[in-house]
Amino acid sequence: MPVFAALKGSASFILIVMNTLICFVPVMVLALLKCVLPFVAVRALLNVVLDRIATFWIGVNNINQRCLGRSKVDVSGARDFALNDWYMVTANHQSWVDILVLQRLFNRRIPFLKFFLKRELIWVPFIGLAWWALEFPFMKRYSPALLKKRPELKGKDIEVTKIACDKFQHFPVSIMNFLEGTRFTGEKHHQQSSHYKHLLMPKAGGLSFALNAMDGKLHKLIDVTIVYPNGIPSFFDYLCGKVKVIKVHIRMMPIDSAVLGDYQNDAEYRASFQQWVNDLWQQKDQQFERLMQSGGNDCD
């Protein structure tokens, strides 16, 4: 890697760390206030302030990326968003860079993005505690072997989803769900015998549980297809400016009552919802191929 690119990436990383540390202090103070003042109105107000601090943090990081990374994001598709609406956001997942791209696209354009995270990520220095303070839901995944030994654990992830989504009903929010459940690699694609050329198999259950737990509040789906024409980058590659172009297509569609139902107990609904997700993913796979072959569009 050229020395200048490495220096640029290191400077960008240091600025992200500094920005994180500066924002971390007020976030933790407000989080502790929520713990000692457990009144609904107070918690709602503090949550709004916390989201605004996080929005500021992302905004500073975005400036950093535009000035030092200088990656161009070619965007096509939907642009008509609102800050006072509730959205479910889905995207294909290839790299940690995906999260930075999504934040760059949607910061201050839709309500603050909340991710479902693996429980282990709470131990990420500073960021893990910040995610906790911002009430990002942490999910613990149980292997089929463990569920067979301990059947009482079945459904625990659904309980966590319901608790998290109950908190999200009181103010506009965007809930982010990577349906593949993990980052794309050629090895995983082969192991799954995926039906799709560019994507892993989608997991429909978590999306269904989130949609139903929100009791109809989520009535718009934002589906994002992210393509790195020159190969999937690492986080540091992106900071160094090695990712010249990222192509993104955004599709927005209504979420109607037909996609709501009892995923656990209604076999007919479960099959119908799985088919709906599979159709969505087939269209995304085709869109991915078109982006790989297309020229440039509007840049963000």
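For the salt bridge (Lys or Arg N to Asp or Glu O under 4.0 Å) test, residues two or more places apart in sequence or in another chain that qualify with Asp223 are Arg251, Lys284. Not counting sequence neighbours, the partners of Asp51 by the side-chain contact (heavy atoms from CB on, under 4.5 Å) test are Phe112, Lys114, Leu134, Phe171. Residues meeting the side-chain contact (heavy atoms from CB on, under 4.5 Å) test with Pro229, sequence neighbours left out: Val227, Lys247. Among residues two or more places apart in sequence or in another chain, the salt bridge (Lys or Arg N to Asp or Glu O under 4.0 Å) test is passed with Lys197 by Glu289. Every side-chain contact (heavy atoms from CB on, under 4.5 Å) that Leu7 has, sequence neighbours left out, goes to Val3. In this view, Glu268 and Asp266 satisfy the side-chain contact (heavy atoms from CB on, under 4.5 Å) rule, not counting sequence neighbours.
Counting only residues at least two apart or in different chains, ring pair (Phe, Tyr, Trp, His ring centres under 6.0 Å) contacts with residues 239-272 comprise Phe209-Tyr263, Tyr269-Phe273. Sorted by first and then second residue, the ring pair (Phe, Tyr, Trp, His ring centres under 6.0 Å) pairs with a member in residues 68-105 read Phe81-Phe106, His93-Phe178; sequence neighbours excluded. Applying the salt bridge (Lys or Arg N to Asp or Glu O under 4.0 Å) definition to pairs two or more places apart or across chains, those involving residues 16-35 are Lys34-Glu135. The list of ring pair (Phe, Tyr, Trp, His ring centres under 6.0 Å) pairs with a residue in residues 59-78, not counting sequence neighbours, is empty. Applying the salt bridge (Lys or Arg N to Asp or Glu O under 4.0 Å) test to pairs two or more places apart or on separate chains, none has a residue in residues 9-26.
Judged by distance alone, with hydrogens and angles left aside, the side-chain atoms of Thr20 form a donor-acceptor pair with the main-chain N or O of Ile16 at under 3.5 Å.
Applying the under-4.5 Å side-chain rule to Ile, Leu, Val, Met, Phe, Trp and Tyr, the cluster around Phe184 extends to Leu200, Ile232.
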